[in-house]
Amino acid sequence: MSLTFYWYPKCGTCRKAKKWLDEHNLAYETVHIVENPPSREELVDLYHKSGLELKKFFNTSGQKYRELGVKDRLKTATEDELLDLLASDGMLIKRPLLTDGEHVTVGFKEEEYEKMWFK
């Protein structure tokens with residue numbers, strides 16, 4: 001199982017998730033989510049494989065989210081508009097994103113990681 005870990009090194013939650021992965025001896029490739037954000041096509045794929053609502057992919061506590069008034073836009077924007085917005089700036093994407101190509105987790109909850117990635 002090859003894992004891709006989209007993260008932002010200055011993010012405390014990302015560092016906790018990385019520590020968890022290391023402690024569980026899981027191999028992964030890191031991708032800096034701001035310097036190399038997932039493309040729109042990759043986001044579509046991650047979104048569909050996650051089974052989550054698209055709004056769960058937004059970093060709601062981020063400065064960019066507030067600056068751009070995304071909270072209000074979520075109510076009326078189409079799925080395509082939201083995907084374009086996510087693809088426009090890695091800081092808008094909730095992190096970390098972890099995928100093996102089939103499964104996806106968004107954010108870090110230890111219980112969720114245990115269930116999904118430590119089988």
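Values below: all heavy atoms of this structure, side chains included; hydrogens, waters and symmetry mates excluded.
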Spell out, yes or no, whether Phe58 and Val34 are grouped together once hydrophobic residues are joined by side-chain heavy atoms under 4.5 Å, including indirect joins.
-> yes
Pair Asp100-Tyr28, side chain to side chain contact (heavy atoms under 4.5 Å, CB included): steps then yes or no | CA-CA 9 Å; Asp100 63 1; Tyr28 56 91; over 6 Å; no
How long is the gap from OG on Ser61 to CZ on Arg66, to the nearest 0.5 Å?
-> 7.0 Å
Set of residues satisfying salt bridge (charged side-chain N to carboxylate O under 4.0 Å, His left out) with respect to Lys71, sequence neighbours excluded = none
Any side-chain heavy atom of Tyr6 sitting closer than 4.5 Å to one from Glu42?
-> yes
Looking only at non-hydrogen atoms, find the nearest pair between Tyr47 and Leu54 and report the distance.
-> CE1-N, 3.5 Å
For Arg40, check side chain to side chain donor-acceptor pair (under 3.5 Å) against everything at least two apart and list the hits.
-> Asp80, Asp84
Would you please name every residue forming a side chain to side chain donor-acceptor pair (under 3.5 Å) with Asn36, sequence neighbours left out?
-> none
Minimum heavy-atom separation for Arg95 to Cys11, with atom names?
-> NE-CB, 3.5 Å
Who are the side-chain contact (heavy atoms from CB on, under 4.5 Å) partners of Pro37, not counting sequence neighbours?
-> none
Those residues at least two apart in sequence (or on a different chain) that pass side-chain contact (heavy atoms from CB on, under 4.5 Å) with Thr105 are Leu98, Glu112, Tyr113, Met116, Trp117
Does Glu29 have any side chain to side chain donor-acceptor pair (under 3.5 Å) partners at least two apart in sequence or in another chain, and if so, which?
-> none
Kindly compute the distance separating CG (Leu86) from CD (Glu81), expressed to the nearest 0.5 Å.
-> 12.5 Å
Check whether any side-chain heavy atom of Thr99 lies under 4.5 Å from a side-chain heavy atom of Lys49, and answer yes or no.
-> no
How many angstroms lie between OG in Ser50 and CG in Asp45, if you round to the nearest 0.5 Å?
-> 10.0 Å
Determine, using the 4.5 Å side-chain heavy-atom cutoff (strictly less than), whether Leu43 and Leu52 are members of one ILVMFWY cluster.
-> yes
For Glu67, the side-chain contact (heavy atoms from CB on, under 4.5 Å) test, sequence neighbours excluded, returns Gln63, Lys64
Results of salt bridge (charged side-chain N to carboxylate O under 4.0 Å, His left out) for Lys19 - residues two or more places apart only | Glu23
Got Leu74 and Tyr65 here, is their nearest side-chain heavy-atom distance under 4.5 Å?
-> yes
For the residue pair Met91 and Asp89, what are the closest heavy atoms and their distance?
-> N-OD1, 2.8 Å
By side chain to side chain donor-acceptor pair (under 3.5 Å), His32 pairs with (sequence neighbours left out) none
Would you please name every residue forming a salt bridge (charged side-chain N to carboxylate O under 4.0 Å, His left out) with Glu53, sequence neighbours left out?
-> Lys55
With a 4.5 Å limit on heavy-atom distance, are the side chains of Phe57 and Leu46 in contact?
-> yes
OH of Tyr8 to CD1 of Ile93: how many Å apart, nearest 0.5 Å?
-> 13.5 Å
The salt bridge (charged side-chain N to carboxylate O under 4.0 Å, His left out) partners of Lys10 (sequence neighbours excluded) come to none
CH2-CZ distance between Trp7 and Phe108, expressed to the nearest 0.5 angstrom | 13.0 Å
Answer with yes or no whether the hydrophobic clustering places Leu26 together with Val104; edges join I, L, V, M, F, W, Y residues whose side-chain heavy atoms lie under 4.5 Å apart.
-> no
side-chain contact (heavy atoms from CB on, under 4.5 Å) involving Glu114 - partner list, sequence neighbours excluded = Trp20, His24, Glu110, Phe118
Hey, does Leu92 have a side-chain heavy atom less than 4.5 Å from the side chain of Asn59?
-> no
Minimum-distance pair of heavy atoms, taken over all atoms of Ala77 and Leu82 = CB-CD2, 3.6 Å
